[in-house]
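Ligands are counted one by one from 1 in listed order, and the atoms in each one are counted from 1 as well. Along the sequence shown, residues carry numbers from 1.
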Amino acid sequence: MALHRTAGTRAERPADADASDDDHDVYTSLLGGRTLPRRAMPDAPTDPFNVYRLIRDELDMDGNAAQNLATFCTTWSEPQVHRLMDDNLAKNMIDKDEYPRTAEIESRCVHLLADLWHAPDSAGTVGCSTTGSSEAAMLGGLAMKWRWRQRRKAAGLPADRPNLVCGPVQVCWEKFARYFDVELRQVPLESGATGLRPSQLRDHVDENTIGVVAVLGVTYTCDYEPVAELAAELDAVQHDTGLDVPLHVDAASGGFVAPFVQPDLVWDFRLPRVRSINSSGHKYGMAPLGVGWALWRESGDLPEELVFRVSYLGGDMPTFALNFSRPGGQVAAQYFLLLRLGRAGYRAIQQRCLDSAARLADEIAAMGPFTLLHDGRGALPAVSYTLRDPDGPLDLHALSDQLRMRGWQVPAYPLPPDRQETVIHRVLIRHGMSADRTALFAEDLRQSVAALGRTGARHGSGPGTAFHH
Ligand SMILES: *Cc1c(COP(=O)(O)O)cnc(C)c1O
């Protein structure tokens, strides 16, 4: 009888028996001898252990997320975060009445962030969680568009040609502009600049400008745009022309870096011009993928017409979101991280990352062929660099391929207009990227440069490029 039990089918095993998965050889099973279905769903159910194992094997081939130095997003989490995600698998963020504690935790996170970002009245600040900064940017953009339209209509002026002024923004702002019918006035980069400069604003803002976006942690180079200087210039524009243009800060990454390691940098609600801020909880906020934050300075900055009210335990729960159903675990994990790390915990982690980035930047500068665009100091814990001699034998695309052979993902891409002739590399240092691993990366970069020097190879995607040099 006992023998029968141990020899029983896999389906009889408890669902949490993962630890003993490996005692079962999926590769000699029926499923292990076939390719997995690609175009049509199978008729019969299959043993969960075998399917799990084979899907995991396929996903393993994505590579190692920790070696993906292209992403800003969290790639390392404490076990309690994994547990909270699992505990809350079935919680739906939108069901505020069914899950009032989840809703309360979201609201607490908003107030903790409002306090962190120096909102004048952090208890009265309005905000919400989102799926990431992209959704938060859409909400921020919509609020600016609605407010602008109200002002125009109240003044009896046409409100049919809104524009948004920004520098080199992440693609979510291009999406916002296209989806919501707003002209995106993307100001070209000046020579030597990594972002929007205050002196460029005056030529681009006008009565139809719904707002200006400043980026704290430009996606391309990881540098900060000078938010306070941009705000001061908008103050001057208002003084000279009467145009009152709000400033939104896209602090997707910087929102969870600057408050801890650059506390004297004034970029947030300390500037009255800043009416709204977005940030990605799943970037330097260290929450798992799928959470961002959008906050408005005062309730008046978020037009009432955009807020949907659902009845909530006899009360009233305002929601502002593009999605309906959305998982609640990420928000719980964000609250866990804010409490578990505290300011000192975030500071220690971000400072360690900055130190590693600065050391890596020095090493890269000393290698010879590179010019730094961001040296890992004073902005995001990251390094961006370009070639000292763009017409020389080294090619950043080929170098990316070399690094990829060593498991590292470091993309090569051009800067936005008007510097698109400059191709750059960008390396993000995140929690989980130890000093040792950073040193290993530097060594692999050095060896990759040497390997390319030996073969003299440039990125040969076609005959046109193969014979250029
Ligand atoms: C990553 C990023 C975004 C988009 O954020 P998601 O959280 O990935 O949706 C927007 N703006 C900037 C500056 C970013 O770095």
Side-chain angles (χ1 to χ4, degrees), residues 65 68-75 93 109 113 117 127-142 144 164-180 184 186-187 189 194-196 211-227 230 247-258 265 267-268 274 276-295 321-323 326-327 330-331 333-334 337 350 353 357 373-374 379-384 409 411 413 415-416 424 426-430:
N68 175 4
L69 303 185
T71 185
F72 294 84
C73 295
T74 306
T75 50
M93 216 51 239
C109 287
L113 292 177
W117 299 335
C128 57
S129 69
T130 60
T131 51
S133 277
S134 301
E135 188 187 6
M138 306 287 152
L139 303 183
L142 281 169
M144 287 191 278
L164 180 71
V165 173
C166 60
V169 281
Q170 209 262 359
V171 66
C172 68
W173 291 102
E174 292 172 38
K175 267 193 194 172
F176 163 74
R178 198 179 304 168
Y179 292 176
F180 296 105
L184 192 70
Q186 205 160 357
V187 180
L189 279 178
T194 54
L196 186 59
V212 171
V213 176
V215 187
L216 200 72
V218 175
T219 318
Y220 298 90
T221 55
C222 300
D223 209 359
Y224 291 160
E225 285 186 330
V227 183
L230 291 166
L247 188 58
H248 173 97
V249 183
D250 178 354
S253 298
F256 283 94
V257 174
L265 183 75
W267 64 275
D268 53 15
V274 173
S276 46
I277 295 175
N278 71 269
S279 191
S280 297
H282 56 217
K283 290 185 174 176
Y284 285 89
M286 292 183 253
L289 274 170
V291 64
W293 300 97
L295 269 68
L322 298 183
N323 295 77
R326 185 155 65 77
Q330 285 87 342
V331 168
Q334 182 78 79
L337 285 155
Q350 314 302 33
C353 291
L373 293 171
H374 170 52
L380 297 185
V383 185
S384 55
Q409 297 192 45
Y413 53 84
L415 285 179
I424 73 164
R426 184 196 68 191
V427 174
L428 274 308
I429 306 294
R430 305 179 299 274

Quiz item: Who passes side chain to side chain contact (heavy atoms under 4.5 Å, CB included) against A252, sequence neighbours left out?
Solution: S133, D250, N278, S280, K283
Quiz item: For A287, which residues count as a side chain to side chain contact (heavy atoms under 4.5 Å, CB included) partner, sequence neighbours excluded?
Solution: V291, Q334, L337
Quiz item: Between the side chains of T74 and H282, does any donor sit under 3.5 Å from an acceptor?
Solution: no
Quiz prompt | Qualifying residues under salt bridge (charged side-chain N to carboxylate O under 4.0 Å, His left out), relative to D268, sequence neighbours excluded | solution = R270
Quiz item: Which class fits the ring pair F176 and W173: parallel under 30°, tilted 30 to 60°, perpendicular over 60°?
Solution: perpendicular
Quiz item: Counting only heavy atoms not in Y179, do more than 12 fall under 6.0 Å of its OH?
Solution: no
Measure from every N or O atom of ligand 1 to the protein's N or O atoms and keep only the pairs below 3.5 Å, writing each with atom names and distance to 0.1 Å.
| residue | atom | partner | partner atom | Å |
| --- | --- | --- | --- | --- |
| ligand 1 | 7 (O) | S133 | N | 2.8 |
| ligand 1 | 7 (O) | S280 | OG | 2.7 |
| ligand 1 | 7 (O) | H282 | NE2 | 2.7 |
| ligand 1 | 9 (O) | S133 | N | 3.3 |
| ligand 1 | 9 (O) | S134 | N | 2.8 |
| ligand 1 | 9 (O) | S134 | OG | 2.6 |
| ligand 1 | 11 (N) | D250 | OD1 | 3.3 |
| ligand 1 | 11 (N) | D250 | OD2 | 2.6 |
| ligand 1 | 15 (O) | K283 | NZ | 2.8 |

